[in-house]
Number of protein chains: 2
Amino acid sequence: MAKFKLDDIDHQILNMLIENTRTPFTDIAKKLNISAGTVHVRVRKMEEAKIIQGSSLTLNYNSLGYNFIAYVGIFLEKTSQTQFVLNRLEDIPNITVAHVTTGKFNLFVKIRAKNTEHAKNVIFKIDDIDGVSRTETMISLEESLNDKTRLMKSIFEEM
Amino acid sequence: MAKFKLDDIDHQILNMLIENTRTPFTDIAKKLNISAGTVHVRVRKMEEAKIIQGSSLTLNYNSLGYNFIAYVGIFLEKTSQTQFVLNRLEDIPNITVAHVTTGKFNLFVKIRAKNTEHAKNVIFKIDDIDGVSRTETMISLEESLNDKTRLMKSIFEEM
DNA sequence: GGTGAAAGCACCGAGTT
DNA sequence: AACTCGGTGCTTTCACC
């Protein structure tokens, strides 16, 4: 991947789109004193360079009945089983993030479920995967901060 | 919050917008054999009901130089300091998620940094917060799965 | 790499069924 | 509720700078 150089205009475009993906390019153009065509070209280039990978809605999981979040640390019998287990984890949609980690656990995943009963089923599914020796669960009582946009904005301020 | 009943049309609209927030309403309308006006009204209602909270870009952090992910478990001196510490954590933009948890740790956060040196500074900042007795870090060697959209889509299939 | 204008569409409200 | 329709405004391209 060729290193792609972003300038301040790009950062500002990203900052506005991060807040709201549907911000009209004409609004962005006005604010930055450039033409809408320029905004369009720059966004397309960032998409082609895969800096912008896509866009997604932020949904309210609580109102969809998904109130339960937990993190599960996974111990494997052998680390050589890592890829196999990761593939099995992919089949469980309630796992929203999976990491290979150093330290205590071999793998570490985040799960989102409707309630404790539902979460139990998810954890049992994980325990059932060949190669998983045991798991350790941490239940989230409160997700007090979950805002990717904070990081993104700070990245551009630092640069 | 009044319970808001989503029907299958709503689910399909969400599924298309989850993939790409800028999908034209006319495209959605064609696919679902409804009018674009109806799509518009339904989306607005879901926004008003706060089911759709907003939209955001998916950026490639690696190409922005942010290659380092770790999870940090935080032990507090007293649980009564929870809110105070959460507020301090908010000031660190590299913390992208924070949870109050049961089990081993009192708090649990995810950090994203440029490299190990940068991460070290972030962790030291956490250690320096009043009320934090110690921390335990798990470094992610690989983020193999990070796709909210999988969960969202599965939610609508189940319903 | 940027502009400005023009053509093509999409959005979104009003009125209707 | 959902549809059609039309004014308004957004996107996207292109010739030119």
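Everything numeric here is computed off the predicted structure, so don't read it as measured data. The basis for the numbers below is simple: all heavy atoms, side chains too, and nothing from hydrogens, waters or symmetry mates. Proteins get letters first, then strands, A, B, ... in listed order; numbering begins at 1 in each.
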- Message: Assess the residue pair A:Arg150 and B:Asp91 against the criterion (salt bridge (Lys or Arg N to Asp or Glu O under 4.0 Å)); give the C-alpha distance rounded to whole Å, side-chain angles, the decisive distance to 0.1 Å, and a yes or no.
- Response: CA-CA 10 Å; A:Arg150 288 175 345 115; B:Asp91 299 334; over 6 Å; no

A:Glu47 CD to D:dT12 P, in whole Å, measures 9 Å

Winner on side-chain proximity to A:Arg42, out of D:dC10, C:dG2, D:dA2, is C:dG2

Contact class for A:Thr26 vs. all strands (heavy atom < 4.0 Å): base, sugar-phosphate, or nothing?
base

Between CG of B:Asp8 and P of D:dA1 the distance, given in whole Å, is 17 Å

A:Lys30 NZ to D:dC10 P, in whole Å, measures 6 Å

| task | Could you tell me whether the phosphate oxygens of D:dC10, OP1 or OP2, come under 4.0 Å of any side-chain nitrogen or oxygen in B:Arg22? | result | no

_Phosphate contact (D:dT12 OP1 or OP2) by A:Arg44 side-chain N/O below 4.0 Å_ = no

Whole-Å distance, A:Phe25 CZ to D:dT11 P, equals 6 Å

The reported gap from CD in B:Glu143 to CZ in A:Phe108 (rounded to nearest 0.5 angstrom) is 12.5 Å

Considering only heavy side-chain atoms of B:Thr38, the closest of C:dA10, D:dC10, D:dC3 is D:dC3

When rounded to whole Å, the NE2 to C1' distance for the pair A:His40 and D:dT11 reads 7 Å

Exercise for review: Using the six-membered ring wherever Trp is involved, compare the ring planes of B:Tyr66 and B:His118 and label them parallel, tilted or perpendicular (cut-offs 30° and 60°).
Suggested key: perpendicular

Rounded to whole Å, the NZ-P distance (B:Lys31 to C:dA10) equals 15 Å

note: B:Asp27, atom CG; C:dG8, atom C1'; distance rounded to Å ~ 14 Å

Would you say B:Ser35 reaches D:dT4's phosphate, i.e. side-chain N/O to OP1/OP2 under 4.0 Å? no

In whole angstroms, the gap separating C1' of D:dA1 from NZ of B:Lys45 amounts to 7 Å

Q) With a cut-off of under 6.0 Å to the ring centre and 45° to the axis, is B:Arg134 in cation-pi contact with B:Phe75? A) yes

Between A:Phe105 and A:His99, does the ring centroid distance fall short of 6.0 Å? no

Among the nucleotides D:dC10, C:dT3, C:dA10, whichever has the atom closest to the side chain of A:Ile34 is C:dT3

